[in-house]
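For reference, the structure is listed below as structure tokens.
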Amino acid sequence: MAKEIERAGIPTVHICTVVPISRTVGANRIVPAIAIPYPLGNPAKSNKEEKLLRRALVEKALRALETKIEEQTVF
Amino acid sequence: MRIVHYLNQFFGQVGAEDKAGTEPLVKDGPVGPGVLFQELLGPEARIVATIVCGDNYFVEHIDEATERVLAMITDYGADFVLAGPAFNAGRYGIACGAICAAVMNRLGIPAVTGMFPENPGVESFRKAIYIVETKGTTAGMRDGAAKMSRLALKLAKGEPIGSPEEEGYIPRGLRSNYFAPETGASRAVTMLLKKLKGEPFVTEYPMPVFDRVTPLPPVKKMSEITLALITTGGIVPRGNPDRMESSSATRYGKYAIGAFQGLTAKSHETVHGGYDPTYANEDPNRVLPLDVLRDLEREGVINALYPYYYATVGNGTSVARAVQFAREIAKDLISDGVQAVIITST
């Protein structure tokens, strides 16, 4: 889906746990996530720490969208 | 001949998604589909052990899991390794592919797995290993196991391996010499004549298909754009109003989030059948990070969050469907002036 949305003209970043799958299907901007059942969280942490972790990942994704790339890039 | 068989937690009879974090373990003899493989292999080969690893554990620790599985295979003195088949299960396909590639390269013994052509493990590993083509579901177990067993025995005995069509494996992109009854010139003219007449013909050199999209230029000013969220992690309003399937989705949902500052266990849940839903149901922001994006919107880091998000499930959903969903969603987003997208996947 990331590839098709980008093909349609909207820059897209894929936050995902299984990076090899994202590479194979052709997402251009890839941000590795935490774990399959909680890509943007970690139930072992406190609510506050977990939200900080999630924010860091989303901020990384926004930076990826602001970065000029020539080819598929894992951030 | 001694065989070691690799299975995920499901086929290895350890458990479902709640056991997907299982670390590699060994069971003696054949387990689950291994019983069928043993029957097909006959008396000349014996499955001495089955290694089972959870799909999440494997793909979240690919290098370490591969090392541990390799060490177990070495301990059992395997003559060859069978993995899967993984059908259209993405994580399982990656695991089977990584193990077979490591077995062939590092232990120097044959390894065979099986997958549906759309499994992401195929694109990653088809050049390195033998992947027998299977159906997308376990309905293809017997046929896939028969082809895998036949191919594995041939490899183990050092017998010559035929073309992908003859043996049933996915083309590896290798070329080998053979004596053709007609010269290249006459075969080419025959092919051209068929083409001119509109008759079917088979090329001898298929062109590779590289479906890549050139990366778009970056977003210039994040603080001036509207950003949209999409997830393949199956987050839907509680009660699943659109009756989205838990796997092999035929639809996606578009859901209003204008009134939400974040997602809660009361407002949203996951319908995804391919991972343990406990953590996503507890706090759906772990899959669709609405709470954080609202903060970033308030702080002016982004101008606005699009008042809807889109969701589907990525497990077992065909590539053709995913492409169709994405095209429809993109059309929607473009007409509403969305300039950047975050997709989250489990």
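Every chain is numbered from 1, with letters handed out A, B, ... down the list of sequences.
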Practice item. Just do the side chain to side chain contact (heavy atoms under 4.5 Å, CB included) check on A/Ile36 and B/Asp55 with the steps written out, would you? Key: CA-CA 10 Å; A/Ile36 288 166; B/Asp55 281 336; over 6 Å; no
**Study point:** Side chain proximity check, B/Ile329 to A/Glu4, heavy atoms < 4.5 angstrom
**Key:** no
Study note, to complete from the structure: Smallest heavy-atom separation, A/Ile21 atom then B/Gly90 atom, equals CD1-C, 4.0 Å
Exercise for review: Could you check which of A/Glu70, A/Arg29, A/Glu71 has the highest count of heavy-atom pairs closer than 4.5 Å to chain B?
Suggested key: A/Arg29
Practice item. Using non-hydrogen atoms and a 4.5 Å limit, figure out which bit of B/Glu60 sits close to chain A: side chain, backbone, both or neither. Key: side chain
Check your understanding: If you count the non-hydrogen atoms of other residues, nucleotides and ligands that lie under 6.0 Å from NZ in A/Lys60, is the total more than 12?
Key -> yes
Check your understanding: With a 4.5 angstrom heavy-atom cut-off, which part of B/Val323 approaches chain A: side chain, backbone, both or neither?
Key -> both
Check your understanding: With a 4.0 Å cut-off, would you call B/Asp211 and A/Arg7 a salt bridge?
Key -> yes
Check your understanding: Between A/Ala2 and chain B, which part of the residue has a heavy atom less than 4.5 Å away: side chain, backbone, both or neither?
Key -> both
Review point. Which heavy atom of A/Ala61 sits nearest a heavy atom of B/Ile342, and at what distance?
Key: CB-CD1, 4.3 Å
Check your understanding: Looking at B/Pro120, B/Ala326, B/Pro215, which has the largest count of heavy-atom pairs under 4.5 Å with chain A?
Key -> B/Pro215
Check your understanding: Taking atom CZ of B/Arg286 and atom CG of A/Leu53, what is their separation to the nearest 0.5 Å?
Key -> 10.5 Å
Point to revise | Over all atoms of both residues, closest heavy-atom pair of A/Leu62 and B/Met222 | key: O-CE, 3.3 Å
Check your understanding: Distance from B/Thr214 atom OG1 to A/Asn28 atom CG, nearest 0.5 Å?
Key -> 8.0 Å
Review point. Out of curiosity, B/Asn56 CG to A/Thr17 OG1, how far, rounded to the nearest 0.5 Å?
Key: 8.5 Å
**Study point:** Per-residue contact mode, B/Val319 against chain A (heavy atom under 4.5 angstrom)
**Key:** neither
Check your understanding: Are there more than 12 heavy atoms of other residues, nucleotides or ligands under 6.0 Å from atom OH of B/Tyr308?
Key -> no
Practice item. Could you tell me whether B/Phe10 atom CZ has more than 12 heavy atoms of other residues or ligands within 6.0 Å of it? Key: no
Review point. Top residue by heavy-atom pair count (under 4.5 Å) with chain A, among B/Glu17, B/Lys221, B/Glu299?
Key: B/Glu299
Review point. Looking at A/Ala35, A/Pro20, A/Ala33, which has the largest count of heavy-atom pairs under 4.5 Å with chain B?
Key: A/Ala35
Point to revise | Interface moiety of A/Val25 toward chain B, non-hydrogen atoms closer than 4.5 Å | key: backbone
Review point. Closest heavy-atom contact between A/Met1 and B/Ala322?
Key: CG-O, 3.7 Å
Check your understanding: Is there side-chain contact between B/Asp283 and A/Asn47, with heavy atoms separated by less than 4.5 Å?
Key -> no
Exercise for review: Side chain from CB out, backbone as N, CA, C, O: work out which of these in A/Thr12 comes under 4.5 Å of a heavy atom of chain B, or both, or neither.
Suggested key: both
Check your understanding: So which part of B/Thr312 gets closer than 4.5 Å to some heavy atom of chain A, the side chain, the backbone, both or neither?
Key -> side chain
Practice item. Might you work through the salt bridge (charged side-chain N to carboxylate O under 4.0 Å, His left out) test for A/Arg54 and B/Asp295, ending with a clear yes or no? Key: CA-CA 12 Å; A/Arg54 175 154 58 248; B/Asp295 291 348; over 6 Å; no
Point to revise | Sub-4.5 Å side-chain heavy-atom contact between A/Leu57 and B/Pro289 | key: no
Point to revise | chain A neighbours within residues 272-280 of chain B, where any heavy atom lies under 4.5 Å away | key: B/Tyr275, B/Asp276, B/Tyr279, B/Ala280
**Study point:** Heavy-atom contact with chain A under 4.5 Å, split by part of B/Pro217
**Key:** backbone
**Study point:** Side chain, backbone, both or neither of B/Asn285 within contact of chain A (heavy atoms, under 4.5 Å)
**Key:** both
Review point. More than 12 heavy atoms of other residues, nucleotides or ligands under 6.0 Å from NZ of B/Lys19: is that the case?
Key: no
Review point. With a 4.5 Å limit on heavy-atom distance, are the side chains of B/Leu227 and A/Leu65 in contact?
Key: yes
Study note, to complete from the structure: Under 4.5 Å to a heavy atom of chain A? For B/Ile334 that would be both
Review point. With side chains defined as the heavy atoms from C-beta onward, is the minimum distance between B/Thr346 and A/Pro39 less than 4.5 Å?
Key: yes
Review point. Would you say A/Arg23 and B/Ser124 make side-chain contact, with heavy atoms under 4.5 Å?
Key: no
Revision key, fill the gap. Value for CG (B/Leu296) from CZ (A/Arg55), rounded to nearest 0.5 Å, stands at 4.5 Å
